[in-house]
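Have a look at the structure below before the remarks.
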Amino acid sequence: MNLRPILELDARLSNKMRVAEKPGALRSIAAFFAHSGDSWFWAIGLFSLWASGDAFWKKWAVVQFVGISVLAVLVMGTKFLVRRKRPEGEWGGIYRSTDPHSFPSGHAARSFFIAFIALGLGPAGLAVALLIWAPLVALARVAMGVHYVSDIVAGAVFGIAIAWIGLQIYEPLFHWVFTLIGFPLW
């Protein structure tokens, strides 16, 4: 199967969405959303939530943190198998130097995972806000030139699939882990 025409269409569409080299408010907004899905940001936020929250929020933080960690391993493994080079550009040097592969988008996978886990765990208002935020993170990654459209579509599908699986198995899995380690995390 010849993927070249599809990849060329993907590159042209991605390039039309790009604002990384265009100064202005749209670029600033895109940069904000592109960074809002960073894993370090979520790790600090989830740890803070776990440390200061009640049992509901401790559970929310643990399920999200463990799921994001598993998702990161799966996304990185897929990236090293596919080895698709990121689009050329200057913005996002930290991503380009630490992770030169683009397919699938880890930020898209993570943001959709977080939103769909929130949909399963609640509260509904937060889930709706995260369901609005997730596609903005994904589109911002294309706008800032670190991903192609197909990277974020694949990342979103990946994140939703892992969230769905996680919601099916997290309760018996964490019950087993808590029994094994001798104390609950929520």
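Numbering of residues begins at 1 and proceeds along the displayed sequence.
For I132, the side chain to side chain contact (heavy atoms under 4.5 Å, CB included) criterion is met by V128, L136, not counting sequence neighbours. Residues forming a side chain to side chain contact (heavy atoms under 4.5 Å, CB included) with A163 (at least two apart in sequence, or on another chain): F113, F116, I117. The side chain to side chain donor-acceptor pair (under 3.5 Å) check on E8 picks up nothing, with sequence neighbours excluded. By the side chain to side chain contact (heavy atoms under 4.5 Å, CB included) test, S39 pairs with R110, sequence neighbours left out. Residues passing the side chain to side chain donor-acceptor pair (under 3.5 Å) test with D99 are K79, R86, sequence neighbours excluded. Among residues two or more places apart in sequence or in another chain, the side chain to side chain contact (heavy atoms under 4.5 Å, CB included) test is passed with P100 by none.
For A134 against A115, the heavy-atom pair with the smallest separation is CB-CB, 4.1 Å. Heavy-atom minimum distance, P123 versus W57: CD-CH2, 3.5 Å. Summarising the geometry of V75 relative to P104, their closest heavy-atom pair is CG1-O, 3.9 Å, with the distance given to 0.1 Å. Across A138 and F112, no two heavy atoms sit closer than the pair CB-CE1, 4.2 Å. Taking both residues in full, the closest heavy atoms of S52 and S48 are given as OG-O, 2.8 Å, listed atom of the first, atom of the second, then distance. For the pair K85 and S102, the tightest heavy-atom approach, listed with the atom from each and the gap, is O-OG, 3.7 Å.
The distance from the CG atom of L49 to the CG atom of D54 is 9.0 Å, given to the nearest 0.5 Å. L46 contributes atom CG, which lies 6.5 Å from atom CH2 of W60 (distance to the nearest 0.5 angstrom). The line from CG of L126 to CG of L121 is 10.0 Å long, rounded to the nearest 0.5 Å. Here CZ of R12 is found 12.5 Å from OH of Y148. Values are rounded to the nearest 0.5 Å. Here the CD1 atom belonging to I68 is positioned 10.0 Å from the OG atom belonging to S111, to the nearest 0.5 angstrom.
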Output a table of donor-acceptor pairs, distance under 3.5 Å, between side-chain atoms of residues 166-186 and any protein atom two or more places apart or on a different chain; print 'none' if there are none.
unit_1: Q168; atom_1: NE2; unit_2: W164; atom_2: O; d: 3.2
unit_1: Y170; atom_1: OH; unit_2: K59; atom_2: NZ; d: 3.1
unit_1: T179; atom_1: OG1; unit_2: H175; atom_2: O; d: 2.8

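Side-chain atoms of R27 do not come within 3.5 Å of backbone N or O of M144 as any donor-acceptor pair.
No more than 12 heavy atoms of other residues, nucleotides or ligands shown are found within 6.0 angstrom of CD1 on I94.
Screening residues 128-154 for salt bridge (Lys or Arg N to Asp or Glu O under 4.0 Å) gives R84-D151 as the qualifying pairs, with residues at least two apart or on separate chains. Counting only residues at least two apart or in different chains, ring-ring contact (aromatic ring centres under 6.0 Å, His included) contacts with residues 23-52 comprise H35-W91, H35-Y95, W42-W133. A side-chain hydrogen bond (donor to acceptor under 3.5 Å, both in side chains) check over residues 112-124, counting only residues at least two apart or in different chains, returns nothing. For residues 65-90, the ring-ring contact (aromatic ring centres under 6.0 Å, His included) pairs, not counting sequence neighbours, are F80-H101. Listed by first and then second residue, the side-chain hydrogen bond (donor to acceptor under 3.5 Å, both in side chains) pairs involving residues 62-73 amount to none (not counting sequence neighbours).
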